[in-house]
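Worksheet for the structure shown next.
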Amino acid sequence: MTVSDDEDGVILKRRKLYNVVKDESDDEENHITGLKSSIVKAEEGDEETKDAKLVNTDNDSPNSDDLEENVSDDLEEDYKWWEEQDKDDTIKWTTLEHNGVLFPPPYEALPSHVKLYYEGNPVDLPLEAEEVAGFFAHLLETPHAQNPVFQKNFFEDFKHVLNDTGGTQNGIEIESFDKMDFSAMHDYFVQLKEEKKSMTAMQKKEIRLEREKFEEKYKFCELDGRREQVGNFKVEPPDLFRGRGAHPKTGKLKRRIRPEDIVLNLGEGAPIPPPPSGHQWGEIRHDNTVQWLAMWRENIFGSFKYVRLAANSSLKGQSDFKKFEKARELKNHIDRIRKEYRNNFKSKLMVERQKAVAVYLIDVFALRAGGEKSEEEADTVGCCSLRYEHITLKPPNTVIFDFLGKDSIRFYQEVQVDPKVFKNLALFKKPPKQPGHQLFDRLDPSLLNKFLQNYMTGLTAKVFRTYNASKTMQEQLDLIPNEGSVAEKLLKYNAANRTVAILCNHQRTVTAGHAKSVAKSSDRIEEFKWQKERLKKGILQIEPDRIKDTPDYFEDINSIDKEIEAKIHERIVEREIQKYHNKFKRENDKRKFEGEEPLPEETLKEWLDNVKQLKQQYAEELATGIVQLKASMNSVEKLEKAIERLDQRISTSQVQLQDREANSEVSLGTSKINYIDPRLSVVFCKKYGVPIEKIFTKSLREKFKWAIESVDETWRF
DNA sequence: CACCTGACTTAGTAGGCGGGGG
DNA sequence: CCCCCGCCTACTAAGTCAGGTG
């Protein structure tokens, strides 16, 4: 291995550029930017200073003189890795210190009155089994609890745990899932949640600060002498595995991880964090060719889970940067690649044709590579694993894709394809192939990727997604005129973002409240229109002749039929009643809290009488067609003004509603975080005078610091 | 070279929280 | 001013892909 050579090289380079602290040194000076000092600071609860530091470091350049000063000023240096040239990335670090991982708290028994019931009888469960039953009880009101696979897997594992811990303690034999009643446990959890929710903001904050203080030491590590944030330092707590889609293993018990299961990865000389008392670490490793700080093997598939650095770390940033540079490099090859796969549609060799068509699908429809999956996983596919039944061919050249992709998200598209592609797909489906058979029977991702490497080193299937996403974003942003308000520009940016998200098929399930909230908005719009109509009638009641002068203006005065109007009245009255009830309750809660007498029921009655009057008034209006407006609405001018305001509100509400609808099933976040070169957004903001905060959240600004600080307006993807 | 393992990126969602509109 | 809804972050599942192995 050449590790030691490289290591020295990296150390020398870094020391020279950034005057990084010496590895072995215990000198206090040298740890100012490091782990130890950060812990001290954290214990002082010094949040202000940290924030100030971030601001202050914005403009400092990492030359050694400045650094000296900064160190003596106790300022954290910024490691601007993106200003460094061609780094060797097989070596990820030279020194690495961290404090290990944070384990979830041990399970605490439920109060003795909260129990699982079996055939109506309370069951005394051993602690471990109670915990597992609790996992299920938590999910009682979710679709998981209704899923037979979930139930079966849960029940199997639950029984195992129960047997291993000696069975129930009151002689009840649990034999059937259907006889188990989790509702008492569930109710208890709901109650706990409500208690937590009803705590005052103060109490919540106190608890949060306490927790943060406790977690502080795990939050940071020291990598090559720099303090960097750790991402997921918390060990995943035990739970029932919640696989997505039709997952054969969903509901299985994800077991508790012990220190003995954990492998820590640190620098050779780094102190080994003490394991929880009475325990030992599974293994200590010193592998500087990997990014992870700790790992363990989970029990569902036997795969690994890793503790790694946060998204804002230099290592992650460098990978990210490399990813986008690789995608940009594809610009120089894409024409040739496209030309060649078109040629190969006619190749005499089946493999070549399959490769050509696969690359076409990946390039044009942004499909994923599509690796083979086992029976133990959900049946989802990507390009190479597409089967006969996933595409339908409609001559002359229409293809309907319908399959479940990553996360069991449906990919459904009816598209026109190149006629030669159509012919080839027909060929790939030709008998003896039938449903269940692979379309690309000569391909797999590894073969395809090796083929792609011929065009460009490092070119793989996923690079096309990044390339096409960022390319599309660039094109969409180019179309936006530099005019209008920031809000308008943002709307257009989001529309561009949406185009990319749709290309990548990034979906989200409509939230539970979505239908309701849409209905509410539509109701509101309907009510605005009704109000408008009323006000116009009001104008005519003051000056009946107006209808002759401007008939168009009054065209809509009877556009709402009586039945709908009655419904609107009902809604408004109902809302008012609800409002007063809430107000009454709130007021009394307050009084109770302050030790005052509650309001008498009389007060509520008085309030509700007002509503009754309103109801009465609406009924009269409906019968007579004569509106009774507020006393202040006593002139045509005032009415016209009010109508204008209503028009404004109607149109903004409609735009908002449309935008919300367009976005309801599309997730913009995934493409923003993973596919759109952040430099595009930075340039957009600079050029269009949009504050970057409007587009990147705080954590995204940290993740994309390299982009924010490295481009000017002329940069293009 | 097929297969597996290990390490990394990409993905949607739950739930807390804060800001804008009634 | 209050409430609600939409945004944000934390979480962890589910992909991709390289490289080792027999």
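Protein chains get the first letters and strands the later ones, always in sequence-line order, with residue 1 at the start of each.
- Chain A approaches DNA chain B over the interval B/dG6 to B/dG22, counting the first and last nucleotide 5' to 3' with an atom under 4.0 Å from its heavy atoms.
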Set out, line by line, the N/O atom pairs under 3.5 Å between protein and nucleotides 20-22 of chain C.
none

A correct 5'-to-3' footprint of nucleotides 7-12 of chain C, with B, S and - meaning base, sugar-phosphate only and no protein heavy atom under 4.0 Å, is -SS-SS
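- Taking the ring-ring contact (aromatic ring centres under 6.0 Å, His included) definition, one finds that A/His569 meets it with A/Trp530, A/Tyr618, sequence neighbours left out.
- A search for ring-ring contact (aromatic ring centres under 6.0 Å, His included) contacts involving A/Phe451 returns A/Tyr455, not counting sequence neighbours.
- Taking A/Val290 as the reference, A/Asn265, A/Asp287, A/Trp292 meet the side chain to side chain contact (heavy atoms under 4.5 Å, CB included) condition, with sequence neighbours excluded.
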Do any side-chain atoms of residues 460-467 of chain A form donor-acceptor pairs under 3.5 angstrom with protein atoms, and if so which ones, sequence neighbours left out?
from     : atom 1 : to       : atom 2 : distance (Å)
A/Arg465 : NE     : A/Tyr675 : OH     : 3.0
A/Arg465 : NH1    : A/Ala366 : O      : 2.6
A/Arg465 : NH2    : A/Cys504 : O      : 3.4
A/Arg465 : NH2    : A/Tyr675 : OH     : 3.4
A/Thr466 : OG1    : A/Lys462 : O      : 3.3

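- Screening residues 245-254 of chain A for salt bridge (Lys or Arg N to Asp or Glu O under 4.0 Å), with sequence neighbours left out, gives A/Asp157-A/Lys252, A/Glu236-A/Lys254, A/Lys249-A/Glu376.
- Contacts of residues 455-471 of chain A with DNA chain B (heavy atom under 4.0 Å): A/Lys462, A/Arg465.
- By the ring-ring contact (aromatic ring centres under 6.0 Å, His included) test, A/Phe528 is found to be paired with no residue, residues two or more places apart in sequence or in another chain being considered.
- By the ring-ring contact (aromatic ring centres under 6.0 Å, His included) test, A/Phe411 is found to be paired with A/Phe401, A/Phe403, residues two or more places apart in sequence or in another chain being considered.
- Evaluation of the side chain to side chain contact (heavy atoms under 4.5 Å, CB included) rule for A/Thr499 yields A/Thr472, A/Gln476 as partners, not counting sequence neighbours.
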